[in-house]
Structures are given as C-alpha cells and as structure tokens.
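So the structure is just underneath, and the comments pick up after that.
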Amino acid sequence: MGYNFLEIEKKWQNYWAKNQTFKASNKSELPKYYVLDMFPYPSGAGLHVGHPLGYIASDIYARYKRHKGFNVLHPQGYDSFGLPAEQYAIQTGQHPNLTTEANINRYRKQLDKMGFSFDWSREVRTSQADFYKWTQWIFLLLFDSYYCKTTNSAQPIKKLVSHFETNGNANLNAVSDEKIISFTPDDWTAFSYKEKQEVLLMYRLAYLSESEVNWCSELGTVLANDEIVNGVSERGGYMVTKKKMKQWSMRIGAYAERLLEGLNQLDWPESLKEMQRNWIGKSIGANVRFNIQDYKGVIEVFTTRPDTLFGVTFMTLAPEHPLVNTIISDQQKVEVLAYVEASAKRSERDRMSDVKSISGVFTGAYAIHPFTKEPIPIWIGDYVLAGYGTGAVMAVPCGDQRDFNFAKHFNIQIRNIFEGADITTEAFVEKGKTKIKDSDFLNGLAYKEAMIKVIKRLEQEGSGEGTINYRLRDAIFSRQRYWGEPIPIYYKNGIPVALKTENLPLVLPEVEQYLPTPEGAPPLGNAPTWAWDTISEKVVPNARLNETSVFPLELNTMPGWAGSSWYFNRYMDADNQEAFVGKEAVNYWQNVDLYIGGSEHATGHLLYSRFWQKFLFDLNLLPVDEYAKKLINQGMILGSSAFIYRKKGTQEYVSKNLIKDFEVESIRVDISMVNNSDELDLEALRKWQPQFSTASFVLENGVYHVEREVEKMSKSKYNVVNPDLICEQYGADTLRMYEMFLGPIEQAKPWNTAGISGVHSFLKKLWKLYHNSEGFYVSEGSASKESLKSLNQTIKKVTEDIENFSFNTCISSFMICVNELTAQKCNERGVLEPLAILLAPFAVHLSEELWQLMGHDTSISTVSFPIYEPSYLVESSKNYPVSFNGKMRFTIELSLKLNPQEIEEIIMKDERTQLQLQGRNPKKVIVVPGKIINIVG
RNA sequence: GCCUUGGUGGCGGAAUUGGUAGACGCGUUGGAUUCAAAAUCCAAUUCUUUCGGGAGUGUGGGUUCGAUUCCCACCCAAGGUACCA
C-alpha cells in the first residue's frame with residue numbers, strides 16, 4: 001500500500017468538479033474573502049512552471065481562509081487578447097480566436113491537474129464578446145466624462161456642455177488639453193457641431209489627439225519599443241522613425257494626485273508603491289516663460305529649481321519641440337535639421353540610457369531672461385525629452401549635472417550662484433545647503449525662501465507661475481492591431497461619435513489579412529465593410545459609406561490592458577447580462593482582499609486598473625475606489641537557458657570549458673536535453689533539429705557541458721519547463737509543495753528540479769504515518785505528550801507562516817514534525833487528524849484521501865483549522881524554573897563591577913549551557929557589558 | 001542611464017529587535033538492510049589547519065563590546081522603463 005498519487009489526485013479532482021466544492025455564493029452569512037490571481041495570457045507555449053508559483057500561493061491562502069470560516073471567492077480566467085496570437089495569425093492565416101481557444105483548453109487541463117480550488121463557474125475571457133461588451137461600455141463612459149477639479153471626480157460631459165452654455169469656459173476648473181483657448185457662452189452657441197465636438201474632445205477622459213509613435217514604413221505598422229532593437233525593427237531589421245498619429249488616449253493624468261494619495265492606504269509592497277510613486281513622478285516647481293529675441297513666440301519651461309533662475313546660461317529644447325523649425329537661424333539650419341533627423345531615429349530609451357555621449361546643436365536663436373533681459377542662447381539637445389514637462393528646459397549648469405556636462409562639452413558659460421560652492425569639476429546639486437548669490441532680489445536667501453519669492457515675482461510679472469508637474473503621461477489607448485477590443489466609435493465627417501450602449505458589443509469583424517492594409521491603415525481596414533449604419537444601428541455587410549447614414553468605424557483596437565483593468569469586478573457577477581457587475585454582488589464582495597501577481601506589472605496593469613476603478617467609483621458604479629487591499633508580488637520563476645558553442649564556419653561543437661582555444665558562436669538548445677549537471681544528451685540533440693544530425697562534438701571527459709544563462713521563461717528561448725511532466729512523475733501535491741519550498745514567494749529564482757525528491761519523500765513519510773504494514777491504521781488511543789507537543793508547535797508555526805506568506809519555512813516545519821512523529825511512532829487520531837487539516841491547503845489531494853480514510857464523508861476543505869493549545873508547549877525545567885512559549889525574554893541584572901570579559905566567561909560557562917538543554921532550537925545569549933544581560937529564547 | 005529587488009556552504013535557502021551564521025531540503029561521503037539493485041533507515045558534511053586554532057554572509061570602508069542584519073562607496077545579477085503581457 002504505497003502512496004499512489006496519480007490515482008488519489010485524479011479521484012479528488014473529479015470529486016471537486018462533480019460536487020462544485022469551490023463554487024462561491026454571492027449570499028452568505030459568513031464573512032467574505034476575495035483571493036485573486038493575475039489571470040494568464042494563454043500563450044502557445046502552454047503553462048510553464050513559473051505560472052503556478054503565484055497560483056499555488058493564492059490557492060494555499062484561499063483554502064486556509066475557507067478553513068478559517070470565510071466565504072472565499074477564488075476565480076480564474078484568461079487575458080486572451082494579445083500580440084502573440086496575432087503574430088501567429090499573420091504567419092499562418094489562422095484566426096487568432098482558434099489559436100486562443102486551443103491554448104485556453106490546454107491551460108485549463110494543466111491548471112486542473114494541479115488541484116487549484118478555483119470557482120470555474122465565474123471564468124472570464126477578455127476576448128469574448130460578452131466580456132468585451134462591458135470593456136467597450138466602460139470606454140464609452142470614459143468618452144462621455146470629463147474631470148472636474150472642484151469636485152475632484154469624473155463628471156458627465158452633459159454638465160460640461162451646460163457650463164459652456166451659461167459661462168463659456170470661464171471659471172471652469174477641469175482637466176483639459178493645454179492648447180485650449182477661452183470662449184464665451186455666445187461663442188459656444190455660435191460654434192458649429194464640429195467645433196463643439198472638437199472642444200469637448202479636449203476634456204473627455206477618452207480622447208483623440210496627436211501623439212508620437214514608432215513608425216516602421218516597411219512593415220506599415222507601429223512598433224512597441226520592445227520590438228525595436230538597435231534602432232531598427234526586430235522583425236526584418238527595417239528603419240523605424242518617429243511619427244505623429246491620431247490616437248485615442250486616456251486622461252490618466254487627471255487622476256495622478258489621487259493615484260498617488262491612494263497608495264498610502266494600500267497594503268502593497270513598499271517597493272512597488274515606490275515604483276508607482278516614481279512613475280507618477282510628482283514634482284513641484286514653476287513654469288517660466290522666456291521671450292524669444294526678434295520673434296514674438298515664447299518658450300515655456302518647467303523647472304523644479306526656479307530659485308536658480310539667475311544661473312541660467314542657456315536653454316535646451318527637445319529635438320521634437322514645435323518651435324525648433326521656426327526659430328533656427330539660416331546659418332544653423334542645415335546642422336540643426338540633421339541633428340533633429342538623427343535623434344528621431346533613436347528610441348527614447350536609447351536617449352535616456354546614453355548619458356555619456358553628449359550631443360546637441362546651437363539654433364542660432366536667443367531667448368530673453370525674464371528679469372535680467374540678457375540674451376540666452378537656445379540649444380537643442382536630445383537629453384531633453386519632448387514628452388516630459390514642456391519639452392524645454394532652462395539650463396543652470398552650476399546647479400544641475402546634465403546641464404553642467406552639456407555646458408562643459410560645448411564650452412558654454414557657467415555662472416556660479418551658490419555661496420561657497422566649488423563647481424570646477426561638478427555641479428552643486430544639493431538644494432538648501434547654501435545661500436544664493438549674484439541673483440538680484442534672491443541674494444542671500446536659502447532654497448525655500450528663494451523658491452517662494454521667485455515664484456511670487458514670476459506670477460506678478462506674468463512670466464510664469466508655480467506648478468505641480470507629473471511625469472505620468474496620458475496613456476495611449478489605440479493599437480494598430482487586429483486582436484483587441486474594437487473601439488465603439490464611428491466617424492461622422494471626421495468627428496468621433498460614440499455608439500449607443502444598447503448597440504454593444506461591437507463585435508470584432510472577420511478579416512482576410514491580419515496585417516495592416518497596403519495604405520498603412522490598421523488591420524481592421526481589411527474588413528469588407530467596417531462601417532456603422534445609423535439607421536439600422538448595425539454593422540451592415542456590403543453597405544456603402546455615405547454622408548448621411550453609413551459612417552466608417554474606428555480602425556484601431558484597444559490595448560492589452562483594457563480588459564485587465566476591470567476584470568476583477570466581473571468575477572463577482574460573471575453571468576450578469578444587465579450590468580458589468582450587479583449592485584448586490586459588488587456590495588457584498590466589495591473588493592479584492594488579496595491579489596497575487598508579478599511586479600513586472602507595477603507601472604502598467606496595476607496603475608491602469610487603479611485608474612479605471614477610481615473612475616467607475618466616481619460614477620457611483622463601484623463602492624470602493626481601490627480594488628485590491630493587499631497585494632503580494634510573486635517572484636518570477638526564471639528559465640535556465642542552455643547554450644552550445646559552434647566553431648565558426650563549421651559543424652563542430654565545443655564543450656563549455658574548452659572554448660578558449662577556438663573562435664566560437666553560441667547557439668540556444670532546448671533545456672529538456674540537458675541534465676542537472678549541465679551535460680548535453682547528444683542523441684537527443686541530433687534528433688532535435690536536422691542541422692545537428694551530422695554534427696561532431698569536442699567533449700571533456702566524454703561528456704558535452706553546456707553554458708547556462710538565467711532569463712525569463714519563453715518558448716523562443718527553449719527554456720520552458722512544463723509542469724505536466726512533474727505532475728506525472730511526482731504528483732501535483734509534490735509540485736505544489738516543492739514550488740513553495742523553493743524559497744520566499746516574492747523572490748525571483750531560476751527553476752531547478754534538483755531538490756524535488758526531498759519534498760516527495762516527505763509526502764511518502766506522511767502517508768506512512770497513517771499506515772502500518774497491513775494498510776491504513778490510525779489508533780484511537782490517547783497521544784503521547786511528546787507527540788502533542790510536536791503537533792502544537794507545528795500548528796503554531798504553520799498558522800503564523802501562512803499568515804505571513806512564508807510558505808517555505810512552513811514546509812520545513814511540516815518536515816520536522818513528520819520526522820518527529822515518525823520517531824515517536826505516533827499513530828493516534830488525536831494527532832493525525834489535526835495534522836491532515838494543517839496540510840490540507842498544501843497537499844490538497846493527499847489530505848482529502850487521508851481524511852476519507854479516517855472515516856469522514858465530506859471534503860476536508862469544510863473543516864475548521866486547528867488552533868494550538870499553548871499548554872502542550874509549556875515545559876518545566878530543573879535548571880530554569882521558567883516556562884516559555886514562543887518569544888521569551890529574561891532580563892537579568894548583573895553586578896556592575898564585573899568587566900565584559902568576566903561576564904562573558906560566566907555566561908558562557910553557566911547560563912548558556914543550561915539554556916541550550918531546553919527546547920528544539922538553541923537559545924541565544926546576549927551580553928551587554930557593564931549593565932544588563934538579556935537571554936532571549 | 002533611471003526606478004525596483006537581490007547577492008549567505010557544492011546547490012535551493014534559514015537566521016524573530018544588531019546577539020552561537022548555515023534551520024529544512026538537495027547533493028556528496030560512510031554505515032545498516034539486500035545475493036544485488038531500487039526503496040528505506042542511521043551518521044557526517046562552510047572552508048582551512050601543523051588539530052592549538054584560523055578564516056568566513058558580493059568587494060572596500062564605517063558605526064558598535066558585538067554586523068548576514070545599520071550607514072557610505074563600489075561590483076554583479078534580475079524585473080520595469082510607457083504599443084510584450
């Protein structure tokens with residue numbers, strides 16, 4: 001009677017599915033607890049061993065909470081729109097929906113094998129019309145809202161219109177495009193329909209605007225920074241340039257302050273909150289306007305150091321700055337245009353990371369200092385980014401290192417305005433450390449006073465004002481892709497008009513080609529008729545566009561983060577046809593109590609979803625404005641890629657430690673052909689790809705050693721490890737416990753199966769505890785004091801560890817416990833029954849089996865978690881007449897006459913040895929010389 | 001570059017508030033059992049040593065009676081860096 005994990009696991013997986021054991025109810029007397037995983041993108045490579053890490057952790061906690069008497073919601077679904085399915089469709093012509101469906105089915109099988117306690121009746125898929133209907137619905141709400149700074153919330157656009165009708169845009173405290181010009185109520189009434197719509201677009205939370213994208217004309221498409229390598233496209237190696245395009249954007253900037261504030265109340269990792277804070281990047285400073293010599297325009301700059309205004313010796317514009325073309329002098333024209341063109345080819349990331357090479361060019365124009373009226377040369381430099389602030393900076397080389405380097409490099413004047421500061425080799429950047437000099441009315445002032453005074457003067461003279469600036473940019477919401485949610489907008493004479501909500505979903509059309517159209521329009525342009533008939537209120541096949549009733553639909557689709565920005569609310573009420581989530585359901589579940597997912601989403605999904613939540617909260621559609629109370633980042637499980645070395649120009653491969661004698665290139669090979677000692681299975685390699693079938697190998701001691709490198713798991717890197725094999729070989733319970741035993745969940749670690757046998761033999765030992773040579777055997781007698789002590793120590797440790805998500809140390813405690821009970825020959829129900837419940841969140845199938853063997857006919861998941869009995873841990877001792885349980889602290893006053901060495905000698909000889917006799921863990925002795933001795937156990 | 005995280009035996013990792021560094025597991029070595037193997041059980045296992053000791057938590061400094069833990073500088077690795085999800 002061995003531990004037959006295959007049979008046990010299958011049995012209980014079927015049992016749970018049949019009995020719907022983990023189906024959550026929206027009505028319950030019990031307190032609610034919502035445990036959420038970040039839903040996976042169903043990739044073609046299948047689920048790999050990295051995915052379950054977070055799911056196992058959340059599953060343990062969800063199961064634990066059920067034992068603790070909570071009504072637990074633990075759902076799962078698929079983020080099923082995405083680029084890989086589309087790429088595959090482009091290559092093969094297969095509809096992404098087919099690929100996606102196949103991948104989802106595979107994922108589901110794999111997930112089921114691991115015994116997760118998901119409530120599958122609430123599954124969502126972002127690419128399904130009954131889900132994205134509501135994504136489109138939320139988009140329309142955003143389109144139909146603006147941000148009112150007085151109420152500090154989103155408001156319906158109707159309110160804005162009525163404000164315009166009575167006041168124009170005077171006294172309006174709303175977030176808008178910067179270029180808005182003021183108008184009166186009469187102006188508004190006189191505006192044409194088109195003009196009115198254009199004005200409203202400047203306020204809408206979902207709006208159209210010109211934004212800059214990476215355009216690849218060869219591919220006829222827009223590329224992500226990710227798809228650009230060394231300035232050319234990853235696919236094909238074509239040239240990529242910056243191009244302005246009309247794009248949908250989300251005015252997330254309106255929520256910058258609330259997104260920042262909201263972080264304080266969240267139980268999220270401090271590091272992740274810090275990342276979001278930095279991403280939002282609030283900085284307080286001033287906008288300063290400089291007139292331009294012999295030209296009537298102004299340059300507006302944002303600076304966090306207006307106190308250094310008298311240290312300005314030049315200005316720098318981003319190469320994309322709109323004024324560049326108009327202000328350049330004729331002599332400089334050729335040079336400047338060449339520079340602008342060159343920097344258009346560099347990605348923003350390149351420009352930011354390359355700080356060592358300083359580049360720039362003088363425009364030939366001069367700005368005028370607002371106070372001294374001195375001329376200031378205007379330069380262009382690509383260290384200034386168009387997307388941040390105003391795209392222009394006032395350069396103060398004495399107080400900013402980048403300005404300093406730029407000035408030194410181009411031999412521009414540096415003026416020192418800091419008392420006693422040495423600026424011969426570097427800028428003096430510490431604010432508030434000294435006083436300001438040579439600065440007219442700011443002389444002798446420190447940083448703070450100078451800031452206040454200069455901003456006041458700027459405002460008086462109309463050449464600037466105090467400003468708060470956020471680094472957070474509005475999020476571009478258009479994608480030139482096929483496989484995403486269609487944007488429910490049509491264009492009437494070039495003006496975007498929203499579909500009516502009752503006409504949703506706007507279903508993704510069939511196309512023959514998933515590539516952009518030959519004219520460079522997004523793939524939806526390939527649809528036979530992607531047009532909206534306003535009379536029948538339908539997409540009408542073969543209808544012709546006309547001026548009166550049939551209008552072109554938006555060709556862009558929504559980005560990947562659209563569906564994931566609200567899916568967690570859908571789980572609460574996944575079948576609701578009338579609303580994105582029912583009032584009753586959302587009032588019961590409120591929000592997510594525990595969210596587990598990777599930190600790679602810190603400034604993407606985790607920020608956008610907070611934004612949507614706050615928006616929906618503003619419209620009174622949700623009861624809370626933060627959706628995830630507690631968040632834990634599971635570290636990524638990294639793949640360990642393998643490389644072999646080929647002698648250049650030959651079919652001869654050289655083992656890792658012998659390459660120094662040859663000129664070699666490295667080639668990736670599949671990780672499944674390499675064992676734990678980095679030895680390559682040559683036979684497998686020969687069969688793997690035809691190019692290796694005739695290869696020869698230079699071996700060391702008869703084996704070929706590969707080079708290893710740790711990186712993200714991905715199909716293209718041949719380093720994906722499939723959990724199915726491990727489930728077959730060791731069982732899901734072993735896999736679950738092993739992944740948790742690998743280390744702290746927050747920590748990233750490379751996958752390695754080296755230690756899995758230890759966890760597996762633990763489960764075998766556990767099985768043996770409940771069996772004797774005849775078969776299952778649990779005694780009804782009373783357990784020994786020793787066994788009860790082991791049990792209660794374990795209950796205490798396990799409970800604490802689960803609450804702290806310290807699952808690796810928790811499993812260590814289980815191992816110690818089982819070893820102790822085995823040594824004690826414990827077989828009493830009084831110990832073995834609680835032990836099975838303790839293990840139920842971890843070894844989910846095995847504990848159900850043992851529970852049944854012990855004569856229970858319901859699932860172990862409904863049983864209360866054991867509570868430890870402190871009295872079993874109390875121990876009396878001859879040496880120490882003191883009992884201890886858990887943390888213990890003695891403070892013993894010693895004679896002050898002894899010197900530290902003498903004290904130490906006494907302690908080392910006596911107390912320490914005595915204390916070491918007690919308990920399982922050695923005790924620590926602390927000696928504080930001359931004063932107190934603490935003995936901490 | 002910038003933001004975030006991490007660096008401890010042959011390996012994954014533990015160490016509560018600054019107090020015996022290396023829990024637990026893998027691996028290795030030795031032993032028991034076996035005709036043998038698998039499985040199982042027991043013991044040892046940071047390195048070094050002239051067996052007295054000595055060194056040791058990425059590197060170099062600092063604070064402290066005492067530092068894996070706190071501070072400063074640096075090196076290395078991973079994640080993010082706005083159209084990968």
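Because the structure is predicted, anything quoted here is derived from the model rather than measured. Numbers restart at 1 for each chain; the letters A, B, ... are given by sequence-line order, proteins then strands.
W561(A) has its side chain within reach of F477(A): a pair of non-hydrogen atoms, C-beta onward, lies under 4.5 Å apart.
Spacing between atom CD of Q276(A) and atom C1' of U81(B) amounts to 14 Å, rounded to whole angstrom units.
Among the nucleotides C26(B), U5(B), U81(B), the one closest to the side chain of S271(A) is U5(B).
Phosphate proximity of U5(B) to Q747(A): absent, as no side-chain N or O sits under 4.0 Å from OP1 or OP2.
Here, A78(B) and U46(B) have their P atoms 31 Å apart, quoted to the whole Å. Comparing G13(B) with A82(B), their P atoms sit 30 Å apart, to the nearest whole Å. On the C1' atoms, C72(B) is 15 Å away from A67(B), given to the nearest whole Å.
Within the structure, every pair that satisfies the salt bridge (Lys or Arg N to Asp or Glu O under 4.0 Å) test and touches residues 472-487 of chain A, not counting sequence neighbours, is listed here: E227(A)-R481(A), E348(A)-R473(A). Annotation: salt bridge (Lys or Arg N to Asp or Glu O under 4.0 Å) contacts involving residues 798-818 of chain A, sequence neighbours excluded, comprise K796(A)-E800(A), K797(A)-D801(A).
Within residues 38-46 of chain A, the residues that place at least one heavy atom under 4.0 Å from RNA chain B are, in residue-number order, Y41(A).
In this structure, a donor-acceptor pair under 3.5 Å is absent between the side chains of S812(A) and T809(A). There is a side-chain donor-acceptor pair under 3.5 Å between E554(A) and W248(A).
Taking Q824(A) as the reference, S787(A), S790(A) meet the side-chain hydrogen bond (donor to acceptor under 3.5 Å, both in side chains) condition, with sequence neighbours excluded. Every side chain to side chain contact (heavy atoms under 4.5 Å, CB included) that E218(A) has, sequence neighbours left out, goes to C216(A), Y238(A).
The pairing partner recorded for A55(B) is U46(B), the criterion being a Watson-Crick or G-U wobble arrangement whose two distances lie under 3.5 angstrom.
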Dump the intermediate steps for side chain to side chain donor-acceptor pair (under 3.5 Å) on T135(A) and W566(A), then the final yes or no. CA-CA 8 Å; T135(A) 313; W566(A) 74 279; 3.0 Å; yes
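Classification of G9(B) as syn follows from a glycosidic angle within 90° of 0.
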Any N/O pairs under 3.5 Å between the protein and nucleotides 39-42 of chain B? List them or say none.
none

